[in-house]
Amino acid sequence: MMGASKAIERRRHQAKPIVTLISLIYCSIEWLEFEYAELLKLSKHFSEGSIEILFVANNATPEVLTFLQENLIPHIVANTQQSTDEWFQNYIYRGYNEGVKAAKADYVFLTNSDMAYAPGCLQSLLREASPKRFLTSRLIELGRFQSGQHAIEKYFGSTPSRFQRRHFESFALRISKSQHSDGGLFMPLLLSKETFLSLGGFPEGNLSLDSLETYIASGVVGSYALRGENCIPGDAAFFQRANSFGITHRTLFDSIGYHFQAGERTDESKQSRIRPSGIAIVNDHIDGINGESVLWRQLEVRLTNLGVRVMT
């Protein structure tokens with residue numbers, strides 16, 4: 001009892017996290033598992049409690065909600081779709097706004113469920129963090145769509161099971177350099193929670209062309225574009241509004257991610273299914289220092305023979 005009381009007291013006085021990692025999820029357990037593992041990898045180089053992970057179950061399927069709950073994955077539930085005929089982006093923007101509001105840290109790292117990160121990605125962003133800066137990673141993109149400013153088009157896999165991680169990380173190491181450039185893509189994005197909310201968060205959709213000037217000046221959107229109409233993307237408008245307040249947008253070339261592009265959307269037609277996550281065995285070495293079989297390897301072999309999915 002004494003030990004439990006001390007642990008509770010320790011948690012009560014634990015420092016506030018320095019950054020909250022936020023990802024949306026809605027229909028794919030495969031992408032959820034993958035992105036959760038990626039965010040855990042980002043956090044492992046920081047002290048306990050300094051990184052908060054938060055998924056936004058954004059109009060999520062019952063299967064995804066059940067998986068989040070049963071596996072104790074930190075999340076909030078957001079029902080942001082207001083009509084069946086609105087732009088897909090509308091409820092994406094609302095989902096990120098809800099995630100930022102719920103974040104405990106002063107800084108938030110906004111990302112997608114179809115992104116992977118090279119070692120050092122988050123550390124590089126945090127070193128340059130400032131309330132007056134929007135910092136984005138340099139992306140290597142699959143090539144399904146045309147890549148944007150500062151991005152590189154190169155294939156390292158189209159799904160989690162086909163991800164060529166070692167090749168990606170090797171390439172990222174070769175191209176990494178300690179410099180930055182103005183502009184770039186809009187995610188993954190590190191920014192101040194207070195700054196984001198003071199700007200009103202993302203507008204709830206793509207703006208009609210004649211609404212941009214008023215939005216930049218006041219944050220009020222006169223009208224949103226309907227499907228098929230010419231528009232200003234909501235995130236692009238948000239970055240322009242931020243710039244009018246002296247907030248710079250930089251892409252760091254030593255913070256590198258991989259974007260599978262439309263990961264979950266390619267899974268929309270597939271029926272989600274609940275399956276056990278399996279077991280992860282984490283140790284400094286799975287085999288003995290001389291290659292002999294030790295407890296961890298024996299455990300992996302026995303569980304695999306029983307049909308349990310095991311990751312070491």
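- Within a 6.0 Å sphere centred on NE2 of His167, heavy atoms belonging to other residues, nucleotides or ligands number 12 at most.
- At a threshold of 4.5 Å between side-chain heavy atoms, the hydrophobic network of Ile, Leu, Val, Met, Phe, Trp and Tyr places Ile18 and Leu40 in one connected group.
- Going from atom OH of Tyr26 over to atom CG of Leu32 covers 13.0 Å, rounded to the nearest 0.5 Å.
- Ionic pairing of Asp254 and Arg138 is not present here: no N-O contact between side-chain nitrogen and carboxylate oxygen is shorter than 4.0 angstrom.
- Side-chain contact check for His180 and Thr251: no donor-acceptor pair (N or O, by modelled atom type) lies under 3.5 Å.
- Hydrophobic clustering keeps Leu252 apart from Leu173 (ILVMFWY residues linked when any side-chain heavy atoms are closer than 4.5 Å, directly or through intermediates).
- The hydrophobic cluster containing Phe186 also contains Phe196, counting ILVMFWY residues as joined when their side-chain heavy atoms lie under 4.5 angstrom apart, directly or transitively.
- With sequence neighbours excluded, no residue forms a salt bridge (Lys or Arg N to Asp or Glu O under 4.0 Å) with Lys104.
- Counting side-chain heavy-atom gaps under 4.5 Å among Ile, Leu, Val, Met, Phe, Trp and Tyr, the cluster of Val77 also holds Leu65.
- For the pair Lys154 and Phe171, the cation-pi test (distance below 6.0 Å, angle within 45°) is passed.
- Contact check on Arg166 versus Glu169 returns no salt bridge, with no Lys/Arg side-chain nitrogen under 4.0 Å from an Asp/Glu carboxylate oxygen.
- With sequence neighbours excluded, no residue forms a salt bridge (Lys or Arg N to Asp or Glu O under 4.0 Å) with Glu35.
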